[in-house]
Q: 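One structure is given below, represented as structure tokens, and several questions about it will come after.
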Amino acid sequence: MAGFFGRIRKQGDEAANGAEGPVAPAPIAASDLARRVELLDSLEETGVGWFWASDAEGRMIYCSPAAIAPFDISPTELAARTITQLFEEERKDEGKGEGTARPLKFLLAARGTLGPTPVRVKLGKGETWWEIAGKPRFAKDGSFAGYRGTARDITGTHEERRKAERASQYDSLTGLANRYRMSRQLEQTLKAYAHAKRSCALMMLDLDRFKQVNDTLGHPAGDELLKQVAGRIRRVLGDRVEIGRLGGDEFQAIIPDGDDRGELGDIAQQLIQMASQPYSINGSRAVIGVSIGIAVAPYDGIEPEELTKAADLALYAAKGGGRGQHRFYSRELRDQASFRHQIEQDLRDAIHGDQLRMHYQPIVDAKTHEVACMEALMRWEHPQRGMISPADFIPVAEEVGLIREMGTWALNDVCRTVSTWPGTVKAAVNVSAVQFAADDFVDVVRKALKSSGVDPGRIELEITESVFMGDVERSARVFAALKKLGVRLALDDFGTGYSSLSYLRDAPFDKIKIDQSFVRGCAGRDSNNLAIVAAVVSLAGALGMETVAEGVETKDELDAVTKQGASHIQGILFSRAMPGEEVLRRFEEGELHFTPRGPEKYRAERRTEFRRIGLIHGDHRYNVFLRNLSKTGAKIEGLLGIEVGTEVVLDLGGGQLAVAVVRRSEGSAQGLEFETPLISDGADGLCTRHRVSPYQIELAGKPLQALGDDPYAALMTMQNRAPKAFMEVQLN
Ligand code: C2E
Ligand code: CA
Ligand code: CA
């Protein structure tokens with residue numbers, strides 16, 4: 001090693017040897033140009049620091065030889081290039097993100113001081129990164145004379161840093177943005193878009209059945225599947241859309257300017273189609289689906305949390321609606337969710353606050369109409385809301401883990417009650433699949449029998465087909481243990497679930513309950529339901545089981561199911577569920593017989609919509625009833641004096657305005673045709689493509705916020721109204 005440091009070392013060594021005695025290096029005077037140049041030379045050679053210089057035009061007139069040595073470029077060739085031709089800054093998105101300073105080009109043009117800046121050297125093949133810094137120099141007359149600067153190689157550390165930064169923003173498995181980056185992007189986009197009055201859609205995607213694939217094919221296969229899914233999503237959505245994986249099998253996409261729900265629905269359907277094509281994973285085939293929830297800013301939310309929550313709710317509804325669907329956020333979803341949330345909150349109080357009661361509905365013998373069994377049905381008397389249906393609270397109890405406690409309570413309550421009934425009438429208790437799956441289920445039953453002292457043969461457990469979904473061998477063991485306790489088993493809601501006749505053959509059921517959906521209307525001509533009832537009855541007969549026809553409401557249904565040989569009947573034709581005290585009174589008086597009371601025939605109820613909506617005409621908004629809604633038109637009722645050909649606007653709520661023309665008008669009823677067809681909301685419902693924009697409402701002087709209950713009202717001006725053109729009539 002020659003040069004400055006080498007020389008110093010040598011002097012030191014000599015000093016240590018003591019040959020010439022200590023010689024202090026002479027200080028370098030500022031005027032000693034030769035020694036200063038030598039000093040700089042040696043510094044350059046070490047690579048600790050390099051120098052560069054540019055002329056007034058920005059051309060690189062000097063660069064330390066050691067710096068350019070790795071590149072095949074002569075000083076003359078170098079001088080033909082300007083600073084910005086030689087160096088390139090990091091692209092904004094790759095590394096630092098928002099913190100990037102002013103671009104190099106502008107800084108140099110403004111002749112500002114260049115602080116330490118990482119740049120890519122546009123020479124050679126590989127990636128080389130330097131950190132450069134520099135100061136402008138001015139001649140005596142004040143004219144700009146170019147830059148003088150330093151540089152150093154940072155390739156190694158820079159790569160490391162970029163990798164770490166990428167890892168902190170991107171999902172290493174799929175290469176999509178990670179949760180952190182998505183939430184930052186959403187925040188930035190929403191802020192910028194609210195300012196620019198643009199809209200932006202947020203899509204939440206959740207894979208259906210991913211867990212099964214992961215469990216059966218293994219984690220590496222699951223990872224491979226996620227990668228392929230990510231690729232398909234990217235293909236559908238393209239580059240303009242920021243896509244992320246939030247974790248697990250949850251994906252998210254931010255779609256700029258997406259406010260046409262027709263287009264968004266199409267995109268969602270495309271995603272669903274693409275994602276549900278079979279995947280090939282290491283030779284195995286896997287099929288999954290995807291559910292999608294969509295919310296649009298500023299309509300459904302303005303702040304990131306608000307919008308995310310809306311999209312989450314829509315996703316939850318899409319999942320609940322049977323999977324493989326998309327769903328738009330709507331205020332009804334929010335109301336449903338808050339109702340559910342309320343139930344969840346209050347359910348704990350219900351158990352401990354003595355708000356639950358068991359009511360009993362008779363199941364009668366088909367021939368004698370004498371009660372054979374009472375089905376216990378849970379009732380919740382909510383202190384504020386009144387009666388809440390078990391169809392509403394049982395699923396919530398299952399989800400939040402309260403069903404076991406409730407089920408245990410029910411079982412004990414019923415056993416105790418039955419032991420007070422005179423005679424031999426049995427009672428049936430509904431058992432949730434969640435309860436059945438619990439390890440202590442058989443123990444719970446045993447204890448309830450024991451502490452009440454009831455005859456186990458009087459207790460029937462109603463179990464649905466869903467219990468067959470889990471561990472088959474365990475189910476068989478539980479069934480056997482229950483039979484050993486002496487209780488009876490009934491298969492509930494037969495035909496609605498994963499019915500397999502093989503379950504029936506192998507499981508020790510005493511009774512099959514034919515679901516009311518097969519009983520309903522089974523007396524009609526060419527009824528397929530009747531054939532199903534007949535088949536179940538004969539099968540049960542062959543296996544020595546009783547059959548109950550559930551939900552019998554009319555005399556012709558009773559005739560039909562009796563003729564098919566159902567051994568027992570349950571339904572409001574005989575009686576609704578009644579309180580325990582009433583049951584006890586009847587039994588004590590020996591009233592075991594029930595008389596069928598009800599309509600002769602089943603009438604398919606006409607499902608006409610009867611929703612209150614608005615009709616806007618002139619300066620007025622009228623209240624009308626929506627009788628019927630299709631993609632192309634609507635039937636409304638409630639206004640007199642509307643002529644055919646009148647143009648009106650229907651306010652379908654939530655900012656959904658649909659321009660329509662009156663095509664028919666009879667008295668207070670009109671048929672309207674929409675100017676633009678409605679689109680599917682992903683479920684059974686319809687919605688408009690566009691809505692009143694919160695930006696419009698903001699222009700009318702209201703604060704910017706997501707659509708409220710009556711966004712249109714916010715737009716109506718109250719002054720100088722023309723008289724109403726139509727008369728509103730009251731409908732019963
Ligand atoms: P399920 O086990 O199928 O019970 C029969 C349901 O049909 C009851 O509704 C009953 O009131 C109704 N029903 C009876 N006859 C007729 C009729 O003629 N027409 C019509 N339309 N309906 C009729 P409910 O009481 O609302 O219970 C709903 C569901 O909640 C039950 O369906 C059962 O799955 C669940 N459930 C009720 N109580 C309990 C319980 O204590 N534990 C558990 N795990 N689930 C329960
Ligand atoms: Ca039942
Ligand atoms: Ca049932």
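Side chains are part of it too, since the values below use all heavy atoms of this structure and drop only hydrogens, waters and symmetry mates. Indexing begins at 1, ligand by ligand and atom by atom, following the structure's order.
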Q: Strictly below 4.0 Å, N to O, side chains only: are Arg404 and Asp440 in salt-bridge contact?
A: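 A salt bridge is present here (some side-chain N lies under 4.0 Å from a carboxylate O).
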Q: Does Gln570 have a heavy atom less than 4.0 Å from any atom of ligand 1?
A: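 No; Gln570 lies far enough from ligand 1 that no heavy-atom distance drops under 4.0 Å.
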Q: Would you mind running through ligand 1 and noting each atom that sits below 4.0 Å from a heavy atom of Leu377?
A: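 Here the atoms of ligand 1 in question are 4 (O), 8 (C), 10 (C), 11 (O), 25 (O), 37 (C), 38 (N).
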Q: Under 3.5 Å, is there a donor-acceptor pair between the side chain of Arg586 and the main chain of His593?
A: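 Indeed, once roles are kept as given, a pair shorter than 3.5 Å links the two residues.
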Q: Can you tell me which portion of Met406 lies within the under-4.0 Å heavy-atom range of ligand 1? Options are side chain, backbone, both, or neither.
A: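 Near ligand 1, Met406 shows nothing, with every heavy atom at 4.0 Å or more.
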Q: Taking only non-hydrogen atoms of Glu550, do any sit less than 4.0 angstrom from ligand 1?
A: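 The answer is yes: ligand 1 sits under 4.0 Å from a heavy atom of Glu550.
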Q: Given the Ca ion (ligand 2) as the apex, I'd like the angle to OD1 of Asn430 and OE2 of Glu375, rounded to 10 degrees.
A: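 An angle of 90° at the metal.
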Q: For residues His326 and Gln269, is any side-chain donor paired with an opposing acceptor at under 3.5 Å?
A: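 Side chains of His326 and Gln269: pair found under 3.5 Å.
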Q: Please verify whether a non-hydrogen atom of Lys513 lies at under 4.0 Å from ligand 1.
A: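 Per 4.0 Å heavy-atom rule, Lys513 does not contact ligand 1.
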Q: Distance to 0.1 Å, residue and atom name: give those for the protein heavy atom nearest to atom 27 (O) of ligand 1.
A: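 Scanning the protein heavy atoms, the shortest distance from atom 27 (O) of ligand 1 goes to Pro390 CG, 3.3 Å.
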Q: Please verify whether a non-hydrogen atom of Glu375 lies at under 4.0 Å from ligand 1.
A: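 Yes; Glu375 lies near enough to ligand 1 that a heavy-atom distance drops under 4.0 Å.
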Q: Using a 4.0 Å cut-off to any heavy atom of Glu553, which atoms of ligand 1 qualify?
A: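 Heavy-atom distances to Glu553 below 4.0 Å select 17 (C), 18 (O), 19 (N), 20 (C), 21 (N).
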Q: Would you list the pairs meeting ring pair (Phe, Tyr, Trp, His ring centres under 6.0 Å) in which at least one residue belongs to residues 353-379, sequence neighbours left out?
A: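 Output for this query lists Tyr360-Trp421, His369-Phe574.
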Q: Quick one: does Ile572 get an N or O within less than 3.5 Å of an N or O on ligand 1?
A: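 It does: an N or O of Ile572 is found under 3.5 Å from an N or O of ligand 1.
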Q: Do you see a protein non-hydrogen atom under 4.0 Å from atom 19 (N) of ligand 1?
A: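 So atom 19 (N) of ligand 1 has protein heavy-atom neighbours under 4.0 Å.
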Q: Select one of side chain, backbone, both or neither to describe which atoms of Arg379 lie under 4.0 Å from any atom of ligand 1, heavy atoms only.
A: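 It is the side chain that gets close, since no backbone atom is under 4.0 Å.
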Q: Just distances here: any N/O of Gln435 and N/O of ligand 1 closer than 3.5 Å?
A: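 Checking ligand 1 against Gln435, no N or O pair falls under 3.5 Å apart.
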Q: With Glu546 as reference, evaluate Lys513, Arg488, Lys426 under the salt bridge (Lys or Arg N to Asp or Glu O under 4.0 Å) test and give the passing residue.
A: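 It is Arg488; the other options fail the test.
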Q: Under 4.0 Å and counting heavy atoms only, is there anything from the protein next to atom 32 (O) of ligand 1?
A: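 Flag for atom 32 (O) of ligand 1 set to false, no protein heavy atom closer than 4.0 Å.
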Q: Can you confirm whether more than 12 heavy atoms, excluding those of Lys555, are under 6.0 Å from its NZ atom?
A: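 More than 12 within 6.0 Å, yes.
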Q: Under 4.0 Å, heavy atoms only, figure out whether ligand 1 is touched by the backbone of Gln516, its side chain, both or neither.
A: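 Side chain only.
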Q: Please check this pair: side chain of Ser567 against backbone of Thr547, looking for a donor-acceptor N/O pair closer than 3.5 Å.
A: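 Such a contact is found between Ser567 side chain and Thr547 backbone.
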Q: Taking only heavy atoms of Gly551, which atoms of ligand 1 are found under 4.0 Å from at least one of them?
A: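 Going through ligand 1 atom by atom, the ones under 4.0 Å from Gly551 are 16 (C), 17 (C), 18 (O).
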Q: Answer with side chain, backbone, both or neither: which part of Asp492 has a heavy atom less than 4.0 angstrom from an atom of ligand 1?
A: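 Answer for Asp492: side chain.
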Q: Gly571 heavy atoms, cut-off 4.0 Å: which ligand 1 atoms fall inside?
A: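 Counting atoms of ligand 1 from 1, those under 4.0 Å from Gly571 are 15 (N), 18 (O).
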Q: Would you verify that at least one protein heavy atom lies under 4.0 Å from atom 9 (O) of ligand 1, or report that none does?
A: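 So atom 9 (O) of ligand 1 lacks protein heavy-atom neighbours under 4.0 Å.
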Q: Any idea which part of Val429 is under 4.0 Å from ligand 1, heavy-atom wise: side chain, backbone, both or neither?
A: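 It is neither part, as no heavy atom is under 4.0 Å.
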Q: For Gln435 and Ser432, indicate whether the former's side chain and the latter's backbone hold a donor-acceptor pair under 3.5 Å.
A: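 Side chain of Gln435 to backbone of Ser432, a donor-acceptor pair under 3.5 Å: yes, one is there.
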Q: Looking at Gln336, Glu344, Gln342, which hits side-chain hydrogen bond (donor to acceptor under 3.5 Å, both in side chains) with Arg340?
A: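 With Arg340 as partner, Gln336, Glu344, Gln342 yield a single side-chain hydrogen bond (donor to acceptor under 3.5 Å, both in side chains), made by Glu344.
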Q: Taking the six-membered ring of Phe339 (Phe, Tyr or Trp), confirm whether the NZ or CZ of Arg385 is under 6.0 Å from its centre and within 45° of its axis.
A: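 Judged by the rule, Arg385 and Phe339 form no cation-pi pair.
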Q: How far is atom 34 (O) of ligand 1 from the closest protein heavy atom, and which atom is that?
A: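 Going by distance alone, atom 34 (O) of ligand 1 is nearest to Asn430 OD1, 4.7 Å.
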Q: Only heavy atoms of Val552, strictly under 4.0 Å: list the atoms of ligand 1 that pass.
A: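 Heavy-atom distances to Val552 below 4.0 Å select 18 (O).
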Q: Decide, yes or no, whether a salt bridge links Lys309 with Asp312 under the criterion of side-chain N to carboxylate O below 4.0 Å.
A: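 Salt bridge between Lys309 and Asp312, a charged N being under 4.0 Å from a carboxylate O: no.
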Q: Hey, mind stepping through Asp510 and Lys483 against salt bridge (Lys or Arg N to Asp or Glu O under 4.0 Å) and telling me if it holds?
A: CA-CA 10 Å; Asp510 301 281; Lys483 288 308 296 177; 2.9 Å; yes
Q: Just by distance, do the side chain of Ser668 and the backbone of Glu637 share a donor-acceptor pair under 3.5 Å?
A: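 Checked: no pair found.
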Q: Of all the atoms in ligand 1, which lie at a distance below 4.0 Å from a heavy atom belonging to Asp493?
A: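 Contacts of ligand 1 toward Asp493, numbered from 1: 3 (O).
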Q: Would Glu462 count as a polar contact of ligand 1, with the cut-off being nitrogen or oxygen pairs under 3.5 Å?
A: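 Such a contact does not occur with ligand 1.
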Q: Are more than 12 heavy atoms from other residues, nucleotides or ligands located less than 6.0 Å from atom CG of Asp335?
A: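 Counting neighbours around CG of Asp335, more than 12 heavy atoms of other residues, nucleotides or ligands fall under 6.0 Å, so yes.
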Q: For Gly247, is there any backbone N or O sitting under 3.5 Å from a side-chain donor or acceptor partner on Glu250?
A: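 Pair absent, no side-chain N/O of Glu250 close to backbone of Gly247.
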Q: Which of the atoms of ligand 1 are close to Met358, meaning less than 4.0 Å from one of its heavy atoms?
A: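 Those of ligand 1 that fall under 4.0 Å from Met358 are 41 (O).
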Q: Got a donor-acceptor contact below 3.5 angstrom from the Asp365 side chain to the Ala372 backbone?
A: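 Not at all, since once roles are kept as given, no pair shorter than 3.5 Å links the two residues.
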Q: Considering heavy atoms of the protein only, find what lies nearest to atom 38 (N) of ligand 1 and give residue, atom and distance to 0.1 Å.
A: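 Checking every protein heavy atom, the shortest distance to atom 38 (N) of ligand 1 gives Met378 N, 3.0 Å.
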Q: Can any side-chain N or O of Ser538 pair as donor or acceptor with the backbone N or O of Ala535 at less than 3.5 Å?
A: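 Checking the backbone N and O of Ala535 against the side chain of Ser538, a donor-acceptor pair under 3.5 Å is found.
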Q: Within less than 3.0 Å, report the number of protein N/O/S atoms around the Ca ion (ligand 3).
A: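 Counting protein N, O and S atoms closer than 3.0 Å to the Ca ion (ligand 3) gives 4.
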Q: Hey, is Ile394 touching ligand 1 through its side chain, its backbone, both or neither, going by heavy atoms under 4.0 Å?
A: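 Ile394 to ligand 1: side-chain contact only, backbone stays beyond 4.0 Å.
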